[in-house]
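A quick note: this is a predicted structure, and the numbers were derived from the prediction, not measured. Just so it is clear, the values below take in all heavy atoms, side chains as well, and ignore hydrogens, waters and symmetry mates.
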Amino acid sequence: MTSLIRILATGCALLCGIAAAQAAPPPDTLVVGLSADASTFDPAQISSRDNANIAKHIFATLYTVNFEGEIKPYLADKTEVSADGLSYLIKIKPNLTCDNGEALTAEDVAYSFNRPADKSKKFTGNSAGFVFPTLGFKSAEVVDDLTVRINLSARTTLALGMMAQIYIHCKDAYEAMTLEQASTNPVGSGSYRLVSWQRGSQIVLEKVKDPGRFKRIVWRIIPEASTRTAELIAGNVDIITNVSPDQIGAIDASGTAAVEKVSGTRRMQVGYNLSPNAAGMPGAAEIQNPKVRFALQYAVDVPGICSQLLGTTCERATSLVNPPNGNPDLKAVPYDPAMAEKLLDEAGYPRGADGVRFHIRLQGPRGRYLNDANVVQAIGQYLTDVGVQTDVELLEWASVYSPLLRAKKMAPLFFLGQGGVTWNPLYDMSLFSTPDATTNYQSWTDPRWFDDWKLALAAPSVAEARPVINRMLKLFYEEGPWLQLYFQPDFYGVSKRVAWKPRRDEEIDLFDASLK
């Protein structure tokens with residue numbers, strides 16, 4: 001298996017050589033090279049990080065989470081919380097506008113919350129699928145031109161952080177558009193407006209107000225890591241994401257750019273699709289058994305993947321919670337294929353005469369995460385090595401893989417990274433806020449988790465919720481729906497013409513980026 005990893009690692013060692021002919025960016029333009037295209041600019045449908053990174057420059061929010069992880073007011077001017085914690089009275093700043101010049105009032109803020117919650121529209125984005133179930137959102141109502149009341153169904157320590165993810169958009173403009181028109185014609189409240197979107201090629205934003213130091217931001221879609229690197233070295237782009245580890249040396253030696261490394265908060269895992277949608281697929285029945293799910297944890301050499309395919313060391317995850325907020329009693333499962341085989345035997349799946357215990361399919365994206373295609377292939381081989389014959393299928397992210405995720409129609413095994421934070425463990429755990437939450441891609445329905453979730457969420461503080469949180473994380477460790485991998489290290493290539501620092505949470509914040 002080690003030799004396969006080495007082959008995969010060296011297979012991506014060569015750059016494409018010559019960058020496409022592009023003019024160097026002018027002084028008033030910042031160019032960012034992304035690995036994946038946006039899917040939509042309807043604020044109620046946005047769900048992926050790459051998509052959200054562009055959208056955050058178009059749409060403002062009531063609050064923001066800064067570089068240090070602190071929640072700060074943005075459009076909000078003053079916040080009052082009711083004694084029972086179920087009502088947030090928020091006064092917004094005066095003289096706000098949308099990018100079409102329309103005045104932005106409390107009516108637009110209430111609309112921005114109520115529109116994604118409209119079940120008749122069947123929105124599947126981050127707001128409806130993740131934020132609202134976690135927040136316990138009930139309704140938003142206008143108090144006066146500058147004041148809105150947000151009503152919740154339960155007290156939660158996550159309230160302001162969750163509200164920081166709701167994109168504020170302008171009621172009159174959106175009520176005049178169809179859902180199809182809204183997907184490509186955003187009318188936002190932020191610093192930039194969308195000028196053009198050439199799918200699969202580039203997205204151009206133009207500044208309409210402060211903050212922001214560049215007149216234009218161009219997001220180029222460059223799926224191949226080697227091509228992104230070549231474009232950066234040639235001076236055609238200023239920032240690139242998902243730098244392949246084997247290309248770090250070339251960038252640092254180029255004289256035109258350098259690599260910035262951060263310890264990320266994205267939780268990488270192989271999800272077990274327990275949904276009825278996977279029924280009948282090879283391996284779907286077997287992974288319903290939690291003993292099988294736990295046995296497979298021992299089959300994958302996570303430190304080996306990190307060192308040889310990601311170019312760094314990383315600690316294997318014990319749960320879905322970012323350090324240092326996990327259960328301190330849980331220890332990372334070691335790479336022990338003999339133990340994996342023993343547990344699979346005990347679970348009732350011995351090797352057959354052909355050496356195969358059962359067949360299964362593993363899907364993953366190509367170009368969405370750091371060296372993802374090679375990581376997925378390595379995982380497939382590790383599982384095959386312990387007798388679980390794994391068929392690996394790599395898919396394009398935006399148009400194929402992401403829609404499968406939203407519909408929960410992936411293969412029984414699927415490779416996925418889900419963003420997290422360090423400011424509250426309940427945020428990371430809220431992927432599983434309800435059995436049918438959009439972000440519960442695994443369709444995990446263990447009632448013990450969801451009963452405890454209500455208790456943890458209702459606690460006055462995280463400290464008081466800690467015993468329940470630890471119990472939940474132990475259950476997730478032993479019987480949960482993830483094959484635990486790692487917290488993704490993030491490598492960004494940055495041109496020496498610009499001053500910009502990456503964040504741990506994968507948010508690309510360009511408002512303070514500047515020329516050196």
Side-chain angles (χ1 to χ4, degrees), residues 30 32-39 46-59 61 64-71 125-127 129-131 161-162 164-165 167 203 217 219-223 225 228 237-245 248 259-269 306 310-312 314-315 317 320-323 325 364-365 367-372 375 397-398 401-402 405 415-425 427-428 430-431 439 441 485-494 500-513:
L30 185 69
V32 181
L34 299 178
S35 60
D37 199 355
S39 299
I46 293 166
S47 58
S48 74
R49 172 50 60 195
D50 279 347
N51 208 155
N53 277 332
I54 302 171
K56 73 174 292 181
H57 294 83
I58 300 172
F59 300 99
T61 51
T64 61
V65 181
N66 67 16
F67 193 89
E68 291 76 26
E70 301 168 319
I71 301 168
N126 184 59
S127 300
F130 174 59
V131 173
M162 287 296 173
Q165 298 187 53
Y167 299 118
I203 296 161
I217 300 176
W219 308 80
R220 287 185 53 199
I221 314 306
I222 310 173
R228 289 195 301 278
V237 299
D238 296 304
I239 299 168
I240 63 172
T241 62
N242 289 351
V243 172
S244 182
I248 292 173
V259 173
E260 294 275 357
K261 175 186 174 182
V262 294
S263 177
T265 58
R266 179 165 292 275
R267 301 151 289 166
M268 306 306 299
Q269 37 108 355
C306 289
L310 305 184
T312 189
C314 53
E315 182 178 349
L320 71 171
V321 170
N322 268 281
N325 295 322
R368 171 63 184 89
Y369 308 111
L370 180 62
N371 215 1
D372 50 12
V375 170
W397 170 262
Y401 199 70
S402 187
L405 285 171
F415 182 73
L416 184 64
Q418 291 180 274
V421 301
T422 58
W423 52 268
N424 193 323
Y427 179 99
D428 287 352
S430 61
L431 295 174
T439 50
Y441 296 115
L485 296 176
Y486 50 86
F487 301 95
Q488 178 174 278
D490 292 323
F491 302 101
Y492 297 86
V494 184
W500 176 79
K501 286 288 184 182
R503 296 167 52 130
R504 278 195 64 199
D505 58 9
E506 289 189 305
E507 282 201 28
I508 297 179
D509 187 330
L510 303 176
F511 298 108
D512 291 329

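Residues T64 and T61 meet the side-chain proximity criterion, which asks for heavy atoms closer than 4.5 Å. Considering only heavy atoms from C-beta on, D50 comes within 4.5 Å of S35 through its side chain. Looking only at side-chain heavy atoms (C-beta outward), F511 and H57 come within less than 4.5 Å of each other. Side-chain contact between N53 and E507: present, with at least one pair of heavy atoms (C-beta onward) separated by less than 4.5 Å. When side chains are defined from C-beta on, I508 counts as touching L34, because their heavy atoms get closer than 4.5 Å. Between S263 and R504 there is a side-chain heavy-atom pair separated by less than 4.5 Å. Between S402 and R368, the closest side-chain pair of non-hydrogen atoms is not below 4.5 Å.
The minimum heavy-atom distance linking S244 with A225 is given by the pair CB-CB, 4.0 Å. The heavy-atom pair separating G264 from D490 by the smallest distance is CA-OD2, 3.7 Å. Across every non-hydrogen atom of Y369 and F415, the tightest pair is CD1-CE2, 3.9 Å. What you find for R503 and Y492 is that their closest heavy atoms are O-OH, 4.3 Å. Counting all heavy atoms, side chain and backbone alike, N325 lies closest to T422 at ND2-O, 3.0 Å. Considering every non-hydrogen atom in both F491 and L310, the closest pair reads CE1-O, 3.4 Å.
Once rounded to the nearest 0.5 Å, the distance linking CD1 of I239 with CD1 of I217 reads 9.0 Å. Between the CG atom of L510 and the CH2 atom of W219 there is a distance of 4.5 Å, given to the nearest 0.5 Å. With rounding to the nearest 0.5 angstrom, the OG1 atom of T312 is 9.5 Å from the CG atom of L370. Taking CG from D372 and CE from M268, the interatomic distance works out to 7.5 Å, rounded to the nearest 0.5 Å. Atom-to-atom distance recorded for R266:CZ and E506:CD is 4.0 Å, nearest 0.5 angstrom. The structure places OG of S48 at 8.5 Å from CD1 of I46, a figure rounded to the nearest 0.5 Å.
A donor-acceptor pair under 3.5 Å is absent between the side-chain atoms of W500 and the main chain of D512, judged by distance alone. R267 places a side-chain N or O within donor-acceptor distance of the main-chain N or O of Q418, the cut-off being under 3.5 Å. A donor-acceptor distance shorter than 3.5 angstrom exists from the side chain of R228 to the backbone of N242, with no hydrogens or angles considered. In this structure, N51 contributes its side chain and S39 its backbone to a donor-acceptor pair below 3.5 Å.
Ring-plane geometry between Y427 and F130 is classed as perpendicular, the angle between the planes exceeding 60 degrees on a 0 to 90 degree scale with a lower cut at 30.
The salt bridge (Lys or Arg N to Asp or Glu O under 4.0 Å) test applied to E315 returns no partner, not counting sequence neighbours.
Screening D505, T265, D428 against N322 for a side-chain hydrogen bond (donor to acceptor under 3.5 Å, both in side chains) leaves a single residue, D428.
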